[in-house]
Amino acid sequence: MEAKLMLLPGDGIGPEVVAQAVRVLEAVAGKGGHTFSYAEGLLGGCSLDRYGASLTDETLADCQAAEAILMGAVGGPKWDDPGASDRPERGLLALRRGLKVFANLRPVRVHPELVEWSPVKPDRLRGVDILVIRELTGGLYFGWPKGREIKDGRERAVDTLEYYDYEIRRVVELAFRLARGRRGKVTSVDKANVLESSRLWRQITTEIGGLNPDVSLEHMLVDTASMRLVSAPAQIDVLVTENMFGDILTDEASVLAGSMGLLPSASLGAEGPGLYEPIHGSAPDIAGQGIANPVGTILSVAMLLRHSLGLESEADWVELAVDAALAANCRTVDLGGKLSTPQMTDEILARLE
Ligand code: NAD
């Protein structure tokens with residue numbers, strides 16, 4: 001197949017890890033007889049420096065015209081001025097909004113050889129294979145009204161947690177669809193004992209569960225879920241939840257894997273290109289040293305192949321090659337090893353051939 005891909009390397013270690021991901025894409029193209037073409041754009045601090053805006057209309061249009069977008073990371077101390085009118089993270093939010101990606105997928109697997117890197121006890125980590133799906137464009141972060149006012153001589157701040165039925169339905173349906181290709185279990189996380197929006201969430205999820213009897217559904221309160229993620233993570237298959245709950249739970253879940261550098265993510269909408277990126281930031285403390293772990297970005301390539309290009313086998317090749325490299329004790333510095341970013345990729349590519 002032929003596919004047009006957009007690259008947004010971004011700031012800090014972003015360009016270092018995206019360059020390695022492109023090597024993997026090219027190896028997959030060679031092995032599978034595909035042709036991938038690449039356009040490259042600026043996002044975040046590098047775009048602020050060049051154009052005075054963290055995301056330009058032209059870059060957004062280029063992203064919308066691509067079949068999928070691979071991003072590195074944005075941000076860094078250079079652009080940290082809290083008083084600035086534009087910041088790197090703003091560009092990322094505008095990109096997500098512009099692409100209408102309403103579901104953020106974060107798979108968390110614990111590699112058997114890496115259990116000692118997790119702060120959670122090894123016996124709890126066996127068999128952990130979780131897909132967290134966070135609703136990304138609604139809920140508490142986007143509800144209206146929000147803001148501050150002086151009321152009765154007191155300063156008051158308001159945020160609103162609101163959901164329309166269709167916003168819940170589309171992300172929960174995606175969770176059921178993806179659970180069917182996995183262990184067939186959805187854990188829907190809410191706070192239905194307190195929040196009306198959660199009661200609507202639970203009602204719609206229950207309806208969808210009734211229409212999908214081949215997938216088992218459990219409801220879990222968010223406080224219970226936060227405990228379950230560290231006390232019995234192997235019991236969870238697909239976890240789907242509201243935007244802020246998901247923001248918090250995805251970070252908690254990522255700790256299970258042992259290093260930020262290992263985990264990929266995908267942000268998907270109903271149509272249009274998906275956005276793929278490692279979960280880590282621009283890591284300014286190690287940028288430019290060639291020691292960043294490229295695995296999170298390379299596994300994001302696997303998600304891109306699977307979810308945007310429908311290349312399931314090719315996605316499996318990449319994941320199996322990463323597994324094999326980690327099993328052979330290939331490690332970057334964050335996992336106690338000595339391999340540089342390109343050397344780690346060499347090891348993965350050697351196992352892809
Ligand atoms: P970070 O993820 O960049 O780094 C946290 C720690 O993990 C650092 O010690 C770093 O060296 C290490 N680390 C991260 N990725 C690694 C990798 N691939 N290999 C080896 N070690 C890795 O988080 P931070 O330090 O809180 O943030 C730095 C900058 O990144 C900030 O400007 C922040 O706003 C931005 N950020 C961007 C994104 C994004 O682009 N999606 C996400 C989070 C943070």
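As a basis for the values below, the full set of heavy atoms in this structure was taken, side chains included, without hydrogen atoms, waters or symmetry mates. Order of appearance sets the numbers: ligands from 1, and atoms from 1 within every ligand.
Follow the hydrophobic side-chain contacts under 4.5 Å out from Val318 and you reach Leu131 in the same cluster.
Checked by atom type and distance alone, the side chain of Glu2 never pairs as donor or acceptor with a backbone atom of His34 at under 3.5 Å.
Look at Arg306 and Asp316 and you find a salt bridge, because one of the NZ, NE, NH1 or NH2 atoms lies within 4.0 Å of a carboxylate O, short of that distance.
Taking the salt bridge (charged side-chain N to carboxylate O under 4.0 Å, His left out) definition, one finds that Glu347 meets it with Arg351, sequence neighbours left out. Residues forming a salt bridge (charged side-chain N to carboxylate O under 4.0 Å, His left out) with Asp80 (at least two apart in sequence, or on another chain): none.
Contacts of ligand 1 (protein heavy-atom distance under 4.0 Å) are Ile13, Met71, Ala73, Val74, Gly75, Gly76, Glu89, Leu92, Met260, Gly261, Glu277, His280, Gly281, Ser282, Ala283, Pro284, Asp285, Ile286, Ala292, Asn293, Asp334.
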Residues 244-260, side-chain donor-acceptor partners within the protein, below 3.5 Å, at least two apart:
from   : atom 1 : to     : atom 2 : distance (Å)
Asp247 : OD2    : Tyr141 : OH     : 2.8
Thr250 : OG1    : Gly246 : O      : 2.6
Thr250 : OG1    : Asp247 : O      : 3.0
Asp251 : OD1    : Arg106 : NH1    : 3.3
Ser254 : OG     : Asp251 : O      : 2.7
Ser259 : OG     : Gly261 : N      : 3.0
Ser259 : OG     : Asp334 : OD2    : 2.7

